[in-house]
Structure formats: structure tokens, C-alpha cells
2 protein chains.
Amino acid sequence: MENTVIEPEHSESACKGTLRPIRDALDILNGKWKLPIIVALTFGEKRFSEIAKEVDGITDRMLSKELQDLVTNGLVQRTVEETFPVKVTYSLTPHSKSLNEVIEALRKWGLLHKSYLVNRDR
Amino acid sequence: MENTVIEPEHSESACKGTLRPIRDALDILNGKWKLPIIVALTFGEKRFSEIAKEVDGITDRMLSKELQDLVTNGLVQRTVEETFPVKVTYSLTPHSKSLNEVIEALRKWGLLHKSYLVNRDR
DNA sequence: CAGCATCCTGCCTGATACTG
DNA sequence: CAGTATCAGGCAGGATGCTG
């Protein structure tokens, strides 16, 4: 039988159990750009250059790399239309829609924290 | 609660407006450790070494640095008891409680994503 | 337009040792 | 116990230029 590694009564274990999924999530969403890219795509499918325009300060190199990561992790879909010139569009996958809650929570907290700082430093 | 109306004609502006608070939040919560530290503290105030034990893999140096950041940003409170040896405890500030929603959303998404990967790779 | 190659820099991070 | 000092490595991320 498997060792049951989880003892619910120990708060330390409870803490670590809570931590694991959070670390998992942070590992996928790590870095400065992934969430901003996803947010840009929540407004609809976009082309490479359109995303670059929306996400302030990102370079082509970073955008390229981050998009690859996102595709690999099933968060973004890449579609190539064989026109000329080739038209490549990126869009969110159904699975990435599940990030809405995370994004909304972050957005709200960003606003809250800003107003907190204003009040504190006044 | 009022619907923050999104003007259809300026979808680019709407996107960037949404992006700013998210970038703000990510700037505060950046790095590998800040959220895990905060989560560890949601289970109650803790001493330096206790946090180090809960947050897997963190070094003293990192913990020290990150705690300073968190104190600076008003998310963590540092309390010194002048006993001998000195006892230092860290706890969340009321303001950092507002991160609960973010943390919960991340945790849920971490679990969701893991099950997504399992299904996909099977 | 889409996106990769190259180069470069700073920061994140780790390991070890040390103080009050 | 609660950190800080120092040294060092690696990788994220920025700037620029080039290809199909």
C-alpha cells in the first residue's frame, strides 16, 4: 500500500499541500509576459504584430519565445492561413479560458494595491 | 460593480487599460517566492526559520530579501520581541489579506491545469 | 509580416561562511 | 535563532539585425 503522505491534521503539511498547486501554476505563468499576452488575446484572436503592439515593451524575441511556451502548454493556439503573405493568428484555447479568474483577481488586486499605496504614502 | 464599460471602438485602449493593473500586480508579486511566502503566512504568524521550512527550496538569503520586499510593499509585518534570544515573527498585514482571491484562483488553476495535462497526454 | 540568430547584461538564485 | 556578506553561475530578458 502506498504511504499516505498527507496528514490533514498537521498544519505544516496542509500548508505544503496548498503550496504545491500554486507553485505549479506559477511555473507555467512565470516571467513577465505570459499573462499580459494571454490578456491581449482575450480581446480576440490576433496576429503576431498586433500582440506586439498591445503588450507594451515586449520584443519580438520574447514574444516569439513566450508564444511557443504558451502553445506547448496548451494555452494558446497557433493558426496558419496559407495565403500570401502567410497570415498567422494566435488565439486562446478553451483551456486558457480557465485563467479568467486568475486574471480578474490579479487585475482587481493591482488596482486595490495602487490605491493602497496612494493612501499610505499620503 | 458598475460595469466598467468597454468601448467597442477602442479595443486596443481597452486592452492596454486592462493590462496596466495586471502588470502592476505582477511587478509586486514577481519572482518565484513571494506568493509561496505569503501563503505560508496565511496559516498564521511564523518565525524566519519556520517559513524557511515551509517554503521548499528557498535559501536564507532569498527569504531575507523577499521578506524585505514584502514588508516594503506593506504585505508583511515584521515584529521583534526583545527577549533573548531575540524572537522575530512575520505575519500578514490586513492589506495582504486582499490577495486571498488571487491565491485561491491560482491554486484552483494549478490543480485544473494539472488534470488538463493528464488528460491531454494520455 | 512573422519570427529566428546573435550578442550582451543584469538579476535571480544558490552555496558557503560569518555575526549578534 | 535571525539574519547578512561574499562569490559565482545561469538564465531571463533587452537590442539589433536578418531571413522567408
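So you know, we letter chains A, B, ... as the sequences are listed, proteins then strands, and number each from 1. Computed from a prediction, not measured in an experiment: that's the story for all the values here.
Closest to the side chain of A:Lys32, out of D:dG13, C:dT13, D:dG3, is D:dG13. Distance from the side chain of A:Thr59 is smallest to D:dA15 among C:dA2, C:dT13, D:dA15. In this structure, the nucleotide among C:dA2, C:dG14, D:dG14 sitting nearest to the side chain of A:Arg47 is C:dA2. Here the nucleotide nearest the side chain of B:Tyr90, chosen from D:dG3, D:dG13, C:dC1, is D:dG3.
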List the atom pairs, donor and acceptor, that lie under 3.5 Å between side-chain atoms in residues 55-63 of chain A and the rest of the protein, sequence neighbours left out.
residue: A:Asp56; atom: OD1; partner: B:Lys16; partner atom: NZ; Å: 3.3
residue: A:Thr59; atom: OG1; partner: A:Met62; partner atom: N; Å: 3.3

Let me check something: any side-chain donor-acceptor pairs from residues 33-42 of chain B under 3.5 Å, sequence neighbours excluded? List them with distances.
residue: B:Lys34; atom: NZ; partner: B:Asn30; partner atom: O; Å: 3.4
residue: B:Lys34; atom: NZ; partner: B:Asn30; partner atom: OD1; Å: 3.0
residue: B:Lys34; atom: NZ; partner: B:Glu66; partner atom: OE1; Å: 3.4
residue: B:Thr42; atom: OG1; partner: B:Val39; partner atom: O; Å: 2.5

Please tabulate, one pair per line, all N/O donor-acceptor pairs under 3.5 Å involving side-chain atoms of residues 111-122 of chain B, not counting sequence neighbours.
residue: B:Lys114; atom: NZ; partner: A:Asp24; partner atom: OD2; Å: 3.2
residue: B:Ser115; atom: OG; partner: B:Leu112; partner atom: O; Å: 2.9
residue: B:Asn119; atom: OD1; partner: B:Arg122; partner atom: NH2; Å: 3.4
residue: B:Asn119; atom: ND2; partner: B:Ser115; partner atom: O; Å: 3.3
residue: B:Arg120; atom: NH1; partner: A:Thr72; partner atom: O; Å: 3.1

Distance-only donor-acceptor pairs under 3.5 Å for side chains of residues 75-92 of chain B, two or more places apart:
residue: B:Arg78; atom: NH1; partner: B:Tyr90; partner atom: OH; Å: 3.4
residue: B:Thr83; atom: OG1; partner: B:Pro85; partner atom: O; Å: 2.9

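For the OP1/OP2 pair of C:dC1 and a distance below 4.0 Å, the side-chain nitrogens and oxygens of A:Lys87 include no atom meeting the criterion.
As a whole-Å value, the separation of B:Trp33 CH2 from C:dC11 C1' is 16 Å. As rounded to whole Å, 12 Å separates atom C1' of C:dC12 from atom CD1 of B:Ile58. Residue A:Met62 contributes atom CE, which lies 15 Å from atom P of D:dT16 at whole-angstrom precision. The CG-P distance, from A:Asn30 to D:dC11, rounds to 13 Å in whole Å. To the nearest angstrom, C1' of D:dA2 lies 11 Å from CD1 of B:Ile51. Rounded to whole angstrom, the span from the NZ atom of B:Lys53 across to the P atom of D:dG3 amounts to 15 Å. The distance from atom CG of B:Asp56 to atom P of C:dT13 is 15 Å, rounded to the nearest whole Å. The interatomic distance linking B:Phe84 (CZ) with C:dG20 (P) rounds to 13 Å, in whole Å.
Nucleic acid contact for A:Glu81: none, since no nucleic acid atom lies under 4.0 Å from a heavy atom of the residue. Across all strands shown, B:Glu50 has no heavy atoms under 4.0 Å from either base or sugar-phosphate atoms.
Here CD of A:Gln68 is found 10.0 Å from CG of A:Leu70. Values are rounded to the nearest 0.5 Å. Atom CZ of residue A:Phe48 and atom CG of residue A:Leu67 lie 6.5 Å apart, to the nearest 0.5 angstrom.
Scored by the salt bridge (charged side-chain N to carboxylate O under 4.0 Å, His left out) test, B:Lys108 finds A:Glu101 as partners (sequence neighbours excluded). Partners of B:Arg107 according to the salt bridge (charged side-chain N to carboxylate O under 4.0 Å, His left out) rule, which considers only residues two or more places apart in sequence or in another chain, are B:Glu104. For B:Glu50, the salt bridge (charged side-chain N to carboxylate O under 4.0 Å, His left out) criterion is met by no residue, not counting sequence neighbours.
B:Ala105 approaches A:Ala105 most closely through the heavy-atom pair CB-CB, 4.4 Å.
A residue-by-residue look at A:Pro85 and A:Lys65 shows that A:Pro85 has its nearest nucleotide of DNA chain C further toward the 5' end.
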Filtered N/O pairs between nucleotides 5-10 of chain D and protein, under 3.5 Å:
residue: D:dT6; atom: O4; partner: B:Arg61; partner atom: NE; Å: 3.3

Polar atoms only, N or O, under 3.5 Å: list the protein pairs with nucleotides 17-20 of chain D and their distances.
none

